[in-house]
Amino acid sequence: MLEVKKINKSYKTGDFVQHALKDVSIKFRKNEFVSILGASGSGKTTLLNIIGGLDRYDSGDLIINNTSTKKFKNIDWDRYRNNCIGFIFQSYNLIPHITILDNVEMGMTLSGVSAKVRHKKAKDALKKVGLLEHAHKKPGQLSGGQMQRVAIARALVNDPDIVLADEPTGALDSKTSVQIMDLIKDIAKDKLVIMVTHNADLAREYSTRIIEFQDGKKVSDSNPIKDSESEESHINIRKTAMSFMTALKLSFNNIKTKKGRTLLTAFASSIGIIGIGLILSLSNGFKIEVDEFERDSLSQAPIIISTQAMNITEETMNNYVNSDLEEYPSEEKVYVQDDVLETMVHTNKFSQEYMDYLDGIDKKDLSGVAYQTATGFNLVNKSTSGYNLVSGANYWTLIPKNPNSGVAGIIQNNYDILAGEVNDSEAGLILQVDSRNQVFASTLKALGLEGESVSFEDIMNAEIKLVLNDEYYQEYRGMFIPSMDLKKLYESENSITIKVQAIIRGKEDKSIITAGSGLGYTNALTELVIEKNKNSKIVEAQRNSEYNILTNQPFEEGSLTNTKDIMLSYLGAESLPSVIYLYPTDFDSKENITDYLDEYNKNKSDEDTIQYTDMASMISSLSGNIMDAITVVLVAFSSISLVVSSIMIAIITYISVLERTKEIGILRALGARGKDIKRVFNAETFIIGLCSGVLGIVIAYILTIPTNIVIENLSGLAGVAKLNIVHAIILVIINVILTIIGGYIPARMASKRDAVVALRTE
Ligand code: ADP
Ligand code: MG
């Protein structure tokens, strides 16, 4: 069943070639106790290693079950070692960081035997060698003789057909040696035992056959197999495969023996994670904070649809800069540049159709609307110092009206009404005061009021007069000139009294957009002006003239102030708005509205589209972009430390491979595949990666506490740094992957380690 046939083996060290085995041929019986005697260096260990499948022969053949092993692949050798061979070494070769029981079980663990079966078999084997009560000790806690018994238990537990013992008593005293020999002989009754020794007495006493070696050659054989002997027997080769759990357990136990180092490594490599974790939690927190702020305030900023919309896109910017022309030319020539207005300003043409389309906006989404027209007002007030023409009505704020009824939500939500009542269906003024109840003198003057301070009552009682255009403009030689007689205008029975409806002040917590002061007027005021003037003589005169009747100048096409339409609008002829403000109810409504506006532009030629400006989203996308950019840069910086830490892991794993060389050899001797060895180290880096990742996240999380305290002291914002659980999990995963990558090359090196060389290292 086992035959060594003309085997040669030599080792090359530099130029020197050592012939360790020369033409060695031996046939073994299924059941015998063979002792191999010979001086040191005569090739005994080499022969044993070759028989055990740990080492490869150069020429000749090893015949198992009448089959040549010349075509054996690594995996076949691994299986053969795992379940046909039991090794016993002079130096015991137990794995120091796992228990006696685990050591004995290892061969079965490698071949995927279930835990229950493993425990039972291992305990039986330990019982046979008399060490059951020591099962949970580590090898270092046993004496030499006891350790060799463990090795014997390990060699026999898998019930191999062949037991190979390389000087099993070499390190033991003579009394213990005898006990060990008795044990081997007893347990190996039904097996082939091949024992290397240089103790001739022991060999003679215990073995059934003695083979002597000298300089790599067999020189004698006390009981060779005769030709007449024939034997039918079979060596059974089964599969082996280490599970990742086994690899994890092995590595975990190993790591436990060097807790300090592991902790330090994990901590050092967690620094990158801590950095990235903190940065992400800060940017995440700031984003949430900014989002909330935007939802609160910016979402209330109106969507503005103006007759002249700025259309700043990459395309229009490119059109504006004529890239066909060379920069800094030497040419003595000047070129005409495209007009900004032509390239970047989109002219929105409001039609009644579009106004009707706007009526289709879901009223729930609107908290206020304002339609600004080019209509000019002529207002006259009466103060202690006389009559004044109130100019600047065009600089006043148009108070949005509620699309449904009552006060516009935008007013209700953002302002406190200090006096009076906002009534947007009636022509009137709204006075806004700042957080200190201040307004500019000019604002008061517009109401005909003066003084260091003015009572609410005086303000609410102030009266100014809306003067009709036909009374204000006097025709003189075909031109229309404003009247100078303000008293007459003020006192005219056609003039309409306008009063302050309400005094409002921005709410305390909405300070940013509602700060400041000024005068506002209701939409109804514009509507009143139009109603009173649309059939006026001056409107009629302007309709019939191709000149601007106020300046007597010809109109300019494309002008923003001097076209016939604008003039008609200014004078109060019924007109379409020049700017439309749509105030959304909240953030989501804003999206609904912009979606609705976008819908209008579908399938329209560029010219016919209506462009709008959404300040809030421009600001928020800007702030979002800046935040994202800062985050990316900071994360990139901290990632460098992640790379550094994976290099560190590579080095640590490499050191671990060096340290665990012996263990690699033992595992290989027990039938571990190269793959299994790789797994052991991958498992180790996995554990370190997981530890450092989790440690990093925990530390980053703890650090958010002082970070938040500092930020709160600096900015008053509480709880900004928030670690997102998804980020945390992703970071741990990335860390594990990086450390495994870092440890991969050393792990691969370990798997390629020569088992024989590995076993020879101390
Ligand atoms: P024994 O076990 O009989 O003492 P070995 O089989 O260990 O002898 O070694 C036989 C010869 O081969 C010795 O000269 C030894 O130095 C040499 N040898 C064994 N293994 C190696 C190796 N890996 N590299 C180089 N020489 C080796
Ligand atoms: Mg030897």
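Quick note: residue numbers are just sequence positions, from 1. Indexing begins at 1, ligand by ligand and atom by atom, following the structure's order.
- Counting protein heavy atoms only, atom 26 (N) of ligand 1 is closest to Tyr11 CB, 3.3 Å.
- At least one heavy atom of Ser42 lies less than 4.0 angstrom from ligand 1.
- The backbone N or O of Ser281 sits nowhere less than 3.5 Å from a side-chain atom of Asn724 that would complete a donor-acceptor pair.
- At least one protein heavy atom sits closer than 4.0 Å to atom 17 (C) of ligand 1.
- Atom 15 (C) of ligand 1 has its closest protein heavy atom at Gln18 CG, 4.6 Å.
- For ligand 1, the polar-atom distance check against Thr13 finds no nitrogen or oxygen pair separated by under 3.5 Å.
- Below 4.0 Å from some heavy atom of Gly43 lie the following atoms of ligand 1, by number and element: 1 (P), 3 (O), 6 (O), 8 (O), 10 (C).
- At the shortest separation from atom 2 (O) of ligand 1 among protein heavy atoms lies Thr45 OG1, 2.6 Å.
- Among protein heavy atoms, the minimum distance from atom 20 (N) of ligand 1 is reached at Arg760 NH2, 3.0 Å.
- Side chains of Glu684 and Ser656: a donor-acceptor N/O pair is present below 3.5 angstrom, by distance only.
- With hydrogens and angles left out, the side-chain atoms of Ser35 and Ser207 include a donor and acceptor closer than 3.5 Å.
- Set against the non-hydrogen atoms of Ser40, the atoms of ligand 1 under 4.0 Å away are 4 (O).
- Among the atoms of Gly41, some N or O lies under 3.5 angstrom from an N or O of ligand 1.
- With no hydrogens or angles considered, a side-chain donor-acceptor pair links Asp58 and Ser10 at under 3.5 Å.
- A salt bridge does not link Asp76 with Lys73: none of the charged nitrogens is closer than 4.0 Å to a carboxylate oxygen.
- Here Lys120 pairs with Asp124 in a salt bridge; the nearest charged N to carboxylate O distance falls below 4.0 Å.
- Counting only N and O atoms by type, the side chains of Arg29 and Asn223 include a donor and acceptor under 3.5 Å apart.
- The closest protein non-hydrogen atom to atom 9 (O) of ligand 1 is Thr46 OG1, 3.7 Å.
- Asn8 and Lys22 are not linked by any side-chain donor-acceptor pair at a separation below 3.5 angstrom, with hydrogens and angles left out of the test.
- Within the 2.8 Å limit, Thr46 places no N, O or S atom next to the Mg ion (ligand 2).
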